[in-house]
Amino acid sequence: MTPVGHATFDFPRNAVSGAAMVDRSTRIRTLLGTGDDGWDLFYRARQMEAEGIAVANLTIGEHDTRTHPSILEEMSRAAARGHTGYAAVPGTDALRYAIAARVTSRTQVATARENVLVTPGGQAALFAALMGTLDPGDEVLIPDPYYTTYPGTVRAAGGVPVFVPCRPEAGFAPEAAALNAAVTNRTRAILINTPNNPTGAAYGADTLADIFRVAEAHDLWVISDEVYDTQTWITRHRSFWAVPGARDRTLLIGSMSKSHAMTGSRIGWLLGPEAMVADLINLSTHTTYGVPGYIQDAATYALSMGPTFEDTVALPFRRRRDACLARLDGHPVLRAQAPGGGMYLMLDIRKTGQSAPTFASRLLTTHHIAVMPGDSFGHAAAGHVRVALTLPDAQLMPAFDQILSFAEEIAP
Ligand code: PLP
């Protein structure tokens with residue numbers, strides 16, 4: 001099955017050689033680093049789908065539902081009204097106010113329009129944040145496992161990613177000792193992600209306070225990617241923006257992609273100190289030139305629907321998470337980190353005696369079920385596979401049951 005809208009979805013691949021071409025920049029050629037990109041499984045699943053094979057594709061972090069019709073109607077009305085010319089580069093006033101109001105109400109931290117830059121998705125906000133913090137050769141600490149674009153985005157901004165392993169035994173939360181040990185005189189920022197993709201870790205107050213202390217001790221920025229802020233399953237979302245004293249060194253990444261099922265609309269934001277946002281508006285003028293006006297109007301309308309609507313979009317992932325955890329209870333081979341948030345479940349497959357790439361490859365070959373090896377997200381999640389809870393329940397649950405029986409079959 002090819003889910004709606006996934007046809008053009010792509011992940012970066014390592015550069016191919018271009019013998020007859022004029023030299024490309026070192027930066028672009030080495031964007032993905034030198035290693036294996038770890039996404040072979042994903043491409044194989046896509047190839048099988050292209051050949052007409054029905055694959056239960058549990059690799060992709062995208063909703064199985066589409067953007068709500070009322071948001072699309074507002075988008076279309078805004079376009080018909082003529083909001084199709086160049087739009088305000090920092091974001092329309094209405095949208096910047098709406099984002100500031102959402103952040104203020106979710107974090108209880110007074111946030112102003114001047115703290116907000118509207119961007120084409122969270123990914124563009126990440127790039128802007130790194131451009132705003134790094135000089136060439138500066139280092140960024142990235143807790144490992146991490147979202148797949150982080151290292152390349154750091155390199156695109158001229159920086160050097162430095163991976164800091166998080167232990168499964170610590171719930172994959174970053175630990176102060178490991179962060180401190182990785183700091184050098186080139187370190188400029190820590191890039192965190194809560195709730196976390198791929199691990200589902202939703203950082204508690206202690207973890208956030210630890211990260212703040214490390215940042216303060218070494219005078220670092222903290223770039224906090226919180227695009228899954230509506231998908232928290234145990235406690236309410238804790239934002240780095242609300243850590244006392246942290247505002248002056250925090251850049252917060254937000255997005256409508258996950259909270260409002262608007263992945264294809266490419267709309268997100270960066271929050272930061274006013275002077276940094278002013279500089280990053282200059283960056284936007286020289287890179288994206290803003291986000292289309294009719295998308296911004298649709299986003300303003302979507303935000304006006306408030307937290308009840310956001311909870312409705314998040315609900316299927318909570319339901320599927322709970323159902324999968326119930327199925328796993330007492331399983332002789334597989335364990336899970338009960339996710340604190342997000343649309344994924346990390347399965348600990350170590351008792352099968354297989355590596356995650358082998359497990360995932362055999363599962364795809366024999367059962368036509370695609371999951372991501374933990375190794376695709378760094379080194380620390382080896383021995384785990386990430387299951388995206390992004391198929392309708394009627395397809396997800398039978399596929400999940402097959403994963404459980406497959407693990408029993410292959411375990412020694
Ligand atoms: N950050 C994380 C952790 C993600 O998982 C994603 C998308 O999957 C993004 C950022 C980028 O989201 P977008 O650019 O669609 O807002």
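First listed ligand is number 1; within each ligand, the first listed atom is number 1. In what follows, every heavy atom counts, from backbone to side chain, and hydrogens, waters and symmetry copies are set aside.
- Less than 4.0 angstrom separates some heavy atom of G121 from each of these atoms of ligand 1: 14 (O), 16 (O).
- Counting the atoms of ligand 1 from 1 in the order shown, those under 4.0 Å from a heavy atom of N193 are 3 (C).
- Considering backbone and side-chain atoms together, T263 places no N or O closer than 3.5 Å to any N or O of ligand 1.
- Taking distance alone, with nitrogen or oxygen atoms compared against 3.5 Å, S257 approaches ligand 1 more closely than that limit.
- Under the side-chain hydrogen bond (donor to acceptor under 3.5 Å, both in side chains) criterion, T199 pairs with N196, sequence neighbours left out.
- Both the sub-6.0 Å distance and the 45° axial angle are satisfied by R320 relative to the ring of F317.
- Interface of G122 with ligand 1, defined as ligand atoms under 4.0 Å from a residue heavy atom, comprises 13 (P), 14 (O), 16 (O).
- Annotation: salt bridge (charged side-chain N to carboxylate O under 4.0 Å, His left out) contacts involving residues 93-104, sequence neighbours excluded, comprise D93-R113, R102-D229, R102-E310.
- For ligand 1, the atoms closer than 4.0 angstrom to any heavy atom of K258 are 7 (C), 8 (O).
- Ranking protein heavy atoms by distance to atom 14 (O) of ligand 1, first place goes to R266 NH2, 2.7 Å.
- Residues H237 and Y228 keep their aromatic ring centres 6.0 Å or farther apart.
- At least one heavy atom of V227 sits less than 4.0 Å from an atom of ligand 1.
- Among protein heavy atoms, the minimum distance from atom 9 (C) of ligand 1 is reached at Y147 CE2, 3.6 Å.
- For the pair T30 (side chain) and G33 (backbone), a donor-acceptor distance under 3.5 Å is absent.
- Regarding atom 10 (C) of ligand 1, its nearest protein heavy-atom neighbour is D225 OD2, 3.4 Å.
- The single protein non-hydrogen atom nearest to atom 5 (O) of ligand 1 is Y228 OH, 2.7 Å, given as residue, atom name and distance.
- Pairing each heavy atom of Q337 with each of G171, the nearest pair is OE1-CA, 3.6 Å.
- Ring geometry, Y150 versus Y146: the interplanar angle falls under 30°, so the pair is classed parallel (tilted spans 30 to 60°).
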